[in-house]
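Working notes for the structure below.
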Amino acid sequence: MQRALSVSRMSGNRSTFPEWYQAVVREAELAETSPVRGCMIIKPWGYGIWEELQRDLDRRIKETGHQNAYFPLFIPLSFFAKEAAHVEGFAKEMAVVTHHRLKALGGELVVDPDAALEEPLVVRPTSETIIGDAFQRWIKSYRDLPLLINQWANVVRWEMRTRLFLRTSEFLWQEGHTAHADVADARAETMRMLEVYRDFAETTLAMPVVAGEKPENERFPGAVATYSIEAMMQDGKALQAGTSHYLGQNFARAQNIRFQDAKGELEYCHTTSWGVSTRLIGGVVMTHGDDDGLRLPPAIAPRQVVICPILRDKPEDAEVLAYGESLAKALNGQTAFGERMRALLDTRAMRSADKRWDWVRRGAPIIVEAGPRDAASGQVVFLRRDALRDGDKVASQAMAQHAFIAEAPRILADIQSALYAEAKARLDDNIRSDIRSFEALADYFGAAADEDEGAPFRGWVRAPWSRPTGAALEAVDARLKGLKLSLRNIPLEQGGPGGDCLFTGAPAVEEVLIGRAY
RNA sequence: CGGGGCGUAGCGCAGUCUGGUAGCGCAUCUGCUUUGGGAGCAGAGGGUCGCGUGUUCGAAUCACGCCGCCCCGACCA
């Protein structure tokens, strides 16, 4: 009997994709909703993924010369007032602390009206302002530059509509903040970190992305230029998986971040900021998950090999356990992805078959089932989560113990690249670049196509455009909105010149990526 | 915040129209039997039916109000 997730993403009804996503998050025990609206409880397996991801990215951030620091959760309200576009962008989603005390009133705890703060504190939605305030004090001379800081933190944005990992009121992220002496250096930093994100997403998360510049209307509030990496989910929608911003001198002017150059003159710094968040975990689910649950890229799996002993309440159980322990120990002594391999002997008192499916749902890359016969013969029988089934059957393989121990790192690497290849093929096969008019675009994505029961998978469209700005761009955005579409980014890797603009009819200057988005 | 849908055991649901004291499958626990592939049989535990007010002899069921969740908008990493 097959009992997979309660919801299959492959069922014909498109509306089941979000339900499938929620089912995976629940059944893989990644996270659950909390008593606090819009916030999530990240469970040990989900948090373990975050820790792996964090460790890998933290290394990359440090290798590019940045240092970690920590800034306060509370930001004085007045700090936000300094940069106009920044305020406007975040004003509607701020959580504000106005009081510092409660009092008992008629048996109930109420906010003490006599304990109002002189100045309200904002729970950080992002830290440009409070870090900029520190930069202003820390930077005196060109010799202090570049200043390269990163912070791992939680942030709060009062979202109207939330979904676990993809959009929650509170989430975890890293935010890099840097200050430079000139434009070129700051722009180079922006691109360097975009590239760090691209490589991290593709190498570590096995999640192929398109890196590019956001059109003007999608910029970070207060930025001069915003770049993103966009990943294609299994329903064809785009997920903005990371952003990197060149902030120009906007924040430096607003916060008086100045330095004395070699000629002794005072100049404003050029600053950047960049971040990725726990949203990436949602991206991994929607990139690699299948009808049996999550499939984790081995590089971020908290446990890369899980050994499920087949215990039968018989004397040979002890040998089976001993065999499992020695196998786990030998695997933990191996190296995979440049780190100690992470193997686990699952000794929980559960039926071994239930244990196996538990790890299948959680996405463990290699699941070993070790019974008395294996213990006696020195054999290892295992499943690869990336290729779980062979028709109706579970595709298990067998190897001699010593060979398995030696081969395990290579198998993990193989799983990592198989997951990447699958996702990369899906991305490449579903970017259309043959659409040459807005009508054709509307036809492809339009309402009529939505109603169509067997509607084909629709990914993204790469189209020539003339890079309109201001009101002309707003008009383009409005037309796209009618089709539930948005401009994702202008890929860094451009194709040929490609004709006239899809929207304005003017000669195109570049190609832009269009799609539905999370 | 607008439009639609939904809140009944951990998960998935029936029961609601037509009020009569809560049920099914999976999961959990116990026992026996099984044992290399998501076990079988028998039994058990677990629910203020989202919350509140009202109608009624009696409310999961009817009325009103509120809250939450999901989908679609607006907003966004």
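Each chain gets a letter, A, B and so on, in the order the sequences are listed, and its residues count up from 1.
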A/V381 near the nucleic acid: base, sugar-phosphate alone, or nothing, with a heavy-atom cut-off under 4.0 Å?
base
Mind checking A/T168 for me? I need base, sugar-phosphate or nothing, with any heavy atom below 4.0 Å counting as a touch.
base
Could you list all N or O pairs between the protein and nucleotides 68-70 of chain B that sit under 3.5 Å apart?
residue	atom	partner	partner atom	Å
B/C69	OP2	A/R37	NH1	2.9

In residues 369-379 of chain A, what residues come within less than 4.0 Å of RNA chain B, judged by heavy atoms?
A/E369, A/G371, A/P372, A/R373, A/D374
Do A/R303 and A/D346 meet the salt-bridge criterion of a basic N to acidic O distance under 4.0 Å?
no
For A/F220, which contact category applies under a 4.0 Å heavy-atom criterion: base, sugar-phosphate, or nothing?
nothing
Contact list (N/O, under 3.5 angstrom) for nucleotides 32-35 of chain B vs protein:
residue	atom	partner	partner atom	Å
B/U35	O2'	A/R312	NH1	3.1

When you compare B/C17 with B/G4, how far apart are their P atoms, in angstrom units rounded to a whole number?
23 Å
Electrostatic pair A/D292-A/R362, nearest N-O below 4.0 angstrom:
no
Pairwise C1' distance, B/C57 and B/C62 [rounded to whole Å]:
16 Å
One thing to verify: whether A/D199 and A/R60 come together as a salt bridge, which I'm taking to mean a side-chain N less than 4.0 angstrom from a carboxylate O.
yes
Salt-bridged, A/K214 to A/E230, with N to O below 4.0 Å?
yes
Applying the Watson-Crick and G-U wobble criteria at under 3.5 Å, what pairs with B/A22? Answer none if nothing qualifies.
none
